[in-house]
4 protein chains.
Amino acid sequence: MSEAQREKHEAILDSAFEIFGKKGFYDTKISDITEHAGIAKGTMYLYFKSKEELFSAVTRRDWEGFLRELNYQIKHADGLPGKLQKIAEHHLVYYYERKAHTKLFFHAPNNDPELMRMMHGFLSRYMAAVQGVLEEAGMPDPDFYAKAYIGMLDRLKMDILFEGTFTREELEKRVRQTVCLFLQGSERELND
Amino acid sequence: MSEAQREKHEAILDSAFEIFGKKGFYDTKISDITEHAGIAKGTMYLYFKSKEELFSAVTRRDWEGFLRELNYQIKHADGLPGKLQKIAEHHLVYYYERKAHTKLFFHAPNNDPELMRMMHGFLSRYMAAVQGVLEEAGMPDPDFYAKAYIGMLDRLKMDILFEGTFTREELEKRVRQTVCLFLQGSERELND
Amino acid sequence: MSEAQREKHEAILDSAFEIFGKKGFYDTKISDITEHAGIAKGTMYLYFKSKEELFSAVTRRDWEGFLRELNYQIKHADGLPGKLQKIAEHHLVYYYERKAHTKLFFHAPNNDPELMRMMHGFLSRYMAAVQGVLEEAGMPDPDFYAKAYIGMLDRLKMDILFEGTFTREELEKRVRQTVCLFLQGSERELND
Amino acid sequence: MSEAQREKHEAILDSAFEIFGKKGFYDTKISDITEHAGIAKGTMYLYFKSKEELFSAVTRRDWEGFLRELNYQIKHADGLPGKLQKIAEHHLVYYYERKAHTKLFFHAPNNDPELMRMMHGFLSRYMAAVQGVLEEAGMPDPDFYAKAYIGMLDRLKMDILFEGTFTREELEKRVRQTVCLFLQGSERELND
DNA sequence: AATGAATGAGTATTCATTCAT
DNA sequence: TATGAATGAATACTCATTCAT
């Protein structure tokens with residue numbers, strides 16, 4: 001693939017990310033994307049096999065970036081609390097930066113087994129990364145703890161996505177609270 | 001509405017729960033549901049305004065049952081740990097019993113604002129119930145803690161839904177672990 | 001048919017005249033009419049065989065009234081000009097009084113051969129009445145002249161139906177002009 | 001639009017004129033038209049927005065031809081009687097040639113405001129042309145006389161459309177009679 | 001490589017009519 | 001007679017994908 005082709009490939013992905021993120025999979029027409037990219041409808045099919053595959057490619061690029069950055073953050077943080085904090089921060093900031101593209105996560109194609117498999121793979125890699133951190137620290141049952149940690153983060157992202165007024169400061173507070181809850185539990189907060 | 005009508009209304013909901021749960025919203029044809037219910041296509045429209053509304057009604061009935069049972073469990077449990085345990089158990093058992101209907105949760109109509117609003121309402125009521133338990137126990141920032149707790153449970157349900165071999169025993173273990181993590185944190189598990 | 005039945009029969013026709021006249025054949029639902037008449041849907045079918053037949057019956061009643069009155073007017077007028085004037089007056093006043101029911105004339109069922117035949121019959125009787133007047137006065141080719149006269153009137157009714165501001169005075173003026181044109185032609189109006 | 005496209009556009013209009021004219025708007029399926037034109041169903045929608053718009057386009061093309069020819073005839077005729085004769089001839093010949101397409105005029109879509117507006121516009125242009133002829137000849141109240149003249153013609157066309165045996169000779173006779181009636185009236189025909 | 005005209009499968013919904021009560 | 005719940009036929013339109021140029 002030539003340099004020019006690589007650029008067109010990226011341009012299509014950029015447009016698709018924009019439009020899918022704004023209107024969702026089903027409300028997006030191929031022509032919406034190709035017009036936004038300034039190319040003909042047929043051209044998209046030279047680069048991607050189908051609308052579903054284009055959506056998959058958008059998602060894949062996004063997730064690969066997520067995981068690359070995640071692993072970088074984990075590698076450059078020290079200690080379990082430090083690493084957990086970076087993980088939480090990364091998770092929440094990621095969605096904070098994609099507030100305008102929520103439909104990418106909530107209006108995906110409903111019945112594409114290929115996409116399902118891919119998403120499952122990404123979640124596994126995310127899981128594995130967190131599990132690795134916990135194992136390294138000597139945590140037993142890292143599978144359970146990793147899932148629980150990610151679950152917390154995933155629920156907390158909701159406010160970020162759908163509450164227009166959520167600030168970066170509140171986000172940082174959530175990060176600290178989550179790490180603290182995960183490590184020390186909530187009991188110590190109770191009035192005896 | 002007569003008794004006979006109430007029964008037909010329920011019968012349609014039962015069929016819709018079955019078929020939507022098995023094939024998802026988009027892959028289900030109205031005729032699939034009405035044939036399964038043994039009625040004519042037009043009859044469905046005497047009871048529900050549209051396919052979307054039928055899906056909403058199925059979801060609503062299910063969620064109302066979820067919340068009714070949840071509140072019952074909370075009321076009849078004692079102490080914070082006891083109540084948290086019942087909440088976790090309820091959440092996970094609910095999905096355990098609906099393993100055969102996963103599409104109900106993952107293949108809903110993508111862009112029905114009415115349904116979105118309704119789901120949001122149910123999540124709020126779920127949140128409020130958990131928050132109430134935490135507040136009662138004197139927990140500060142109950143909003144944050146409730147979200148984190150529900151997040152953990154929601155992530156853990158995934159294995160239940162998609163891992164065919166998940167047993168009731170494993171489920172009970174997950175419940176105990178979750179309560180323990182939530183109250184005491186994970187740090188104490190570390191090998192120093 | 002009992003008296004009560006005759007009354008219900010008329011009540012249904014009255015409702016149908018109202019609703020068909022306001023919304024047209026295709027945009028009128030049987031239930032619109034029966035609700036307006038305060039009866040059940042099925043009851044209509046005890047009095048009329050179908051929606052088309054109901055429309056036909058409405059039209060028939062209206063036309064029969066038109067023709068009855070027409071013949072009465074013709075009988076009680078003297079001389080050709082007098083009779084022609086009454087005919088014109090009757091035609092235009094008839095539509096003037098039905099300004100609120102235009103859809104009865106312009107949104108009839110499109111493909112009901114029965115109705116077509118019936119309408120044709122009424123037009124023939126209308127024609128015959130006018131022809132009779134002309135024949136009586138010794139007019140040759142009364143078929144042609146009757147058609148021409150009715151054609152003029154029918155075109156002139158349009159303003160009455162669709163021009164909201166049309167007054168009874170203007171209507172009377174039209175009547176006089178039409179009779180005059182028909183008898184004496186337009187040439188004498190020319191500036192030589 | 002390329003030459004090939006212009007041709008396809010016309011081909012669709014031709015087919016639609018045929019089928020609408022034979023079966024009427026409501027009894028014509030889009031697939032009837034596209035099959036007759038030898039194209040796919042979707043292709044029609046590349047050229048026309050909807051079934052209604054296609055019908056409008058057919059009607060428009062037909063009326064534009066009618067008005068073009070009308071104005072040509074008027075321009076090339078001399079004197080009021082000559083011009084009136086050409087108008088009558090044109091009106092009646094037009095329908096004579098469309099005897100096989102009556103449904104185009106009597107089974108149009110019932111409630112398309114766009115089409116109503118368009119038809120109104122064409123009638124106005126027809127009116128204006130006739131009015132122009134009368135005004136030019138110094139006729140007072142040309143609005144009334146134009147309407148009356150067109151009304152006569154419009155009623156006379158009926159025999160042409162629905163009487164299978166109507167000949168061109170009879171048509172010419174009707175034309176002469178109509179002009180004569182319009183100019184000189186019918187009174188002079190009376191036996192005193 | 002790029003184009004964009006042509007294709008055609010696929011389905012929710014309405015409402016006149018019936019008939020058991 | 002009157003009711004009204006149940007029926008089921010019937011059809012326009014969209015848009016992802018193809019392929020001749």
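In what follows, chains carry the letters A, B, and so on, assigned in the order in which the sequence lines appear, proteins first and then strands, with residues in each chain numbered from 1.
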Undergrad: For the helix from E/dA2-F/dT21 to E/dT21-F/dA2, what angle lies between the axis at the first five pairs and the axis at the last five pairs, to 10 degrees?
TA: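 That helix gives 0° between its end axes.
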Undergrad: Between D/G38 and A/G38, which is nearer to the 5' end of DNA chain E once each is assigned its nearest nucleotide?
TA: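 Mapping each residue to its closest nucleotide by heavy atoms, the 5'-most match is A/G38.
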Undergrad: So D/K49, base contact, sugar-phosphate only, or nothing? Heavy-atom distance under 4.0 Å.
TA: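 Nothing: the residue D/K49, judged by heavy atoms under 4.0 Å, touches no strand.
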Undergrad: Below 4.0 angstrom from OP1 or OP2 of E/dA2, is there any side-chain N or O of A/Y47?
TA: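 Yes.
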Undergrad: A side-chain contact here means heavy atoms from C-beta on lying under 4.5 Å apart; do C/H101 and C/E18 qualify?
TA: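 Touching, per the 4.5 Å side-chain cut-off.
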Undergrad: Using 4.0 Å as the upper bound for N to carboxylate O, is an ion pair formed by B/R60 and B/E53?
TA: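 Answer for the salt bridge query: no.
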Undergrad: Distance check needed: F/dA2 C1' versus C/H9 NE2, whole Å only.
TA: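 That distance rounds to 16 Å.
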Undergrad: So B/Y94 and B/F105, would you call those rings parallel, tilted or perpendicular, with 30° and 60° as cut-offs?
TA: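 Geometry flag for B/F105 against B/Y94: tilted rings.
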Undergrad: Under 3.5 Å between N/O atoms: give me all the protein pairs with nucleotides 8-12 of chain E, atom names plus distance.
TA:
from: E/dG8; atom 1: N7; to: D/G42; atom 2: N; distance (Å): 3.1
from: E/dG10; atom 1: O6; to: D/K41; atom 2: NZ; distance (Å): 3.0
from: E/dA12; atom 1: OP1; to: B/K51; atom 2: NZ; distance (Å): 3.3

Undergrad: A/Y95: what forms a side-chain hydrogen bond (donor to acceptor under 3.5 Å, both in side chains) with it, not counting sequence neighbours?
TA: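 If we apply the side-chain hydrogen bond (donor to acceptor under 3.5 Å, both in side chains) test to A/Y95, skipping adjacent residues, there are no hits.
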Undergrad: List in chain and number order the residues that pass side-chain hydrogen bond (donor to acceptor under 3.5 Å, both in side chains) with A/R68, two or more places apart in sequence or in another chain; answer none if no residue qualifies.
TA: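 Here no residue qualifies.
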Undergrad: Take C/K8 and D/L46, find for each the nucleotide of DNA chain F with the closest heavy atom, and name the residue whose nucleotide sits nearer the 5' end.
TA: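 It is C/K8, whose closest nucleotide lies nearer the 5' terminus.
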Undergrad: Assign the ring pair B/F55 / B/F25 to parallel, tilted or perpendicular, where the plane angle (0 to 90°) is split at 30° and 60°.
TA: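 Plane angle over 60°, so perpendicular.
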Undergrad: Checking B/Y45 now: which residues fulfil side chain to side chain contact (heavy atoms under 4.5 Å, CB included) with it, not counting sequence neighbours?
TA: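 B/Y45 satisfies side chain to side chain contact (heavy atoms under 4.5 Å, CB included) with B/I30 once adjacent residues are dropped.
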Undergrad: Quickly work out the B/F48 CZ to E/dT13 C1' distance and round it to whole Å.
TA: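 From B/F48 CZ to E/dT13 C1': 16 Å.
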Undergrad: Report the residues that fulfil salt bridge (Lys or Arg N to Asp or Glu O under 4.0 Å) with C/E10, sequence neighbours left out, ordered by chain and then residue number.
TA: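 Expected list: C/R61.
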